[in-house]
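Since the structure is predicted, the reported quantities are computational estimates derived from the model, not experimental observations. All values below come from the heavy atoms of this structure, side chains included, with hydrogens, waters and symmetry mates left out.
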Amino acid sequence: MMHDALSSLSFGALRKAQRTLDRTHGASDSGEESDGSYSNEGQSSDGASEDSKREGHLRVKDPKKGTAIAARKNKNAPTEVTSKRPVSRRRLVVEVQKMEVRDPRFSRLSGELDTTKFRNHYKFLSDMREGELGMLRENLKRARKLLASSPRHLRPEREAEVERLELAVKRAESSVNRDKREKVEQEAVNKMAKEERDKRQKGKKAFWLKNSEKKKLLLKARYDAVAAEGGKRAVKKVIEKKRRKLSQTETKSRPFPRNTKSALTPEPPRKRSLPGDGGTSVNKRRKSA
């Protein structure tokens, strides 16, 4: 049956069928070859990567220069460095321990700051400043006497010496006054703290002084110290001096220049006078008429 069917076909149909079969066989053969090549390449690449990993020849790209460098077998292993780069001649032969400087003012090993002990330990500085102030005042007094009786060619030099001594006296006076003020303030704070401790022992609750109350306490202590030295007159003098200082500060902070009237306050109207009247105003002239 099959032979009879094939024998009845023409040669053109058989030729066409043969060509179609040849094409299908060729495509299947090429696909198998490609699959085999891919599998072989994958196996070879995997084997190469595994071998390279075992041997430690895996290459990693350097992000700085873009060159390939050998990766380490272990994270604790030393890093390989190229031999093309020059090596520095400096070597750390002996490791020297670094010397650290410790400031006792900011170290906990020195303990906390006690202002009372600090002032007692360095009390000699206040005495030295007071002695220096007395010596400067004597030198200034002597320099003024020399300036009063000095000849003309020596007067500029002695005037400069007097000015220098006056500045030194002012500087020493400010230092001495600051020491006295700090001592008075510290005594007032210590007295307040002692009274508070006594009240707590008797059963009073904890109390912390506000900053505004502390300022009032220190101001009162300062004025009490001034009154003890010079009386009420000295206190009035200090208050007046402070008032003048505040008024000067307010004057400097005004928006308009000093020594001139404000633009907001209008000037009083001036009386118009006629020429030849000898300065008499129009109103006076009308009254006289």
Side-chain angles (χ1 to χ4, degrees), residues 103-106 113-193 209 211-263 265:
D103 194 344
R105 297 175 298 171
F106 308 105
L113 175 63
D114 191 352
T115 54
T116 306
K117 290 182 179 179
F118 180 82
R119 189 169 287 103
N120 293 333
H121 290 165
Y122 293 94
K123 189 179 179 181
F124 64 94
L125 294 176
S126 301
D127 301 337
M128 287 175 59
R129 291 192 187 103
E130 289 180 359
E132 184 180 358
L133 177 60
M135 184 178 63
L136 287 171
R137 283 174 176 171
E138 291 178 1
N139 293 341
L140 179 60
K141 189 177 180 180
R142 192 181 302 111
R144 284 173 176 170
K145 287 182 179 179
L146 290 174
L147 178 62
S149 60
S150 62
R152 183 177 297 177
H153 66 280
L154 294 177
R155 184 171 290 273
E157 181 181 354
R158 291 182 178 177
E159 284 179 354
E161 181 68 16
V162 168
E163 290 179 359
R164 186 185 66 81
L165 288 173
E166 285 177 352
L167 291 175
V169 167
K170 288 182 180 179
R171 196 180 300 114
E173 283 178 350
S174 63
S175 299
V176 172
N177 293 334
R178 185 181 66 250
D179 292 340
K180 290 180 179 179
R181 185 177 65 253
E182 289 178 355
K183 183 180 178 181
V184 169
E185 291 177 355
Q186 189 63 36
E187 288 178 355
V189 171
N190 292 341
K191 184 179 178 182
M192 181 68 183
L209 199 64
N211 291 333
S212 58
E213 299 294 332
K214 188 177 180 180
K215 286 181 180 179
K216 291 179 183 178
L217 178 67
L218 297 179
L219 185 63
K220 185 177 181 302
R222 250 182 266 142
Y223 285 150
D224 291 343
V226 173
E229 290 183 1
K232 293 182 179 181
R233 190 172 183 181
V235 175
K236 289 182 180 179
K237 189 177 179 180
V238 171
I239 293 173
E240 184 66 22
K241 185 178 179 181
K242 189 173 183 179
R243 189 189 62 78
R244 285 200 305 270
K245 187 176 180 181
L246 290 174
S247 65
Q248 289 176 1
T249 306
E250 291 176 357
T251 306
K252 289 179 182 178
S253 62
R254 287 177 183 173
F256 50 87
R258 297 186 298 274
N259 298 329
T260 58
K261 294 183 179 180
S262 174
T265 57

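The shortest non-hydrogen separation linking Leu147 to Ser150 is O-OG, 2.9 Å. Listed here is the closest heavy atom pair of Val184 and Ala225: CG2-CB, 3.8 Å. Minimum heavy-atom separation, Leu165 to Ala143: CD1-CB, 3.7 Å. Ala148 and Arg155 make their closest contact through O-NH2, 4.3 Å (heavy atoms, listed as atom of the first residue, atom of the second, distance). The heavy-atom pair separating Leu133 from Ala172 by the smallest distance is CD1-CB, 3.7 Å.
To the nearest 0.5 Å, atom CZ of residue Arg178 and atom CZ of residue Arg129 are 6.0 Å apart. Lys141 NZ to Asn139 CG: the interatomic distance, rounded to the nearest 0.5 Å, is 12.0 Å. Here the straight-line distance linking atom CD1 of Ile239 with atom CZ of Arg244 works out to 12.5 Å at 0.5 Å rounding. The CG atom of Leu136 lies 9.5 Å from the CD atom of Glu173; values are rounded to the nearest 0.5 Å. A distance of 9.5 Å separates CD in Glu187 from OG1 in Thr116, rounded to the nearest 0.5 Å. Atom CD of residue Gln186 and atom CG of residue Leu218 lie 9.5 Å apart, to the nearest 0.5 angstrom.
The shortest distance between side-chain heavy atoms of Lys180 and Glu130 falls below 4.5 Å. For the pair Met192 and Lys214, the minimum side-chain heavy-atom distance is 4.5 Å or more. Inter-residue side-chain proximity for Arg144 and Leu140 is flagged as met; some heavy-atom pair is nearer than 4.5 Å.
In this structure, Asn211 places its CG atom where only 12 or fewer heavy-atom neighbours from other residues, nucleotides or ligands lie under 6.0 Å away. Residue-environment remark: OH (Tyr122) stays at or below the threshold of 12 foreign heavy atoms within 6.0 Å.
Using a distance-only test at 3.5 Å, with no hydrogens or angles considered, no donor-acceptor pair links the side chain of Arg137 to the main chain of Val169.
Under 4.0 Å is where a charged nitrogen must lie from a carboxylate oxygen, and between Lys220 and Asp224 at least one such pair does. Glu240 has a carboxylate O that lies under 4.0 Å from a charged side-chain N of Arg243, or vice versa, which qualifies the two as a salt bridge. Between Arg164 and Glu161, at least one side-chain N (NZ, or NE/NH1/NH2) sits under 4.0 Å from a carboxylate O, which counts as a salt bridge. Salt bridge absent: Lys215 and Glu185 never bring a charged side-chain N and a carboxylate O closer than 4.0 Å.
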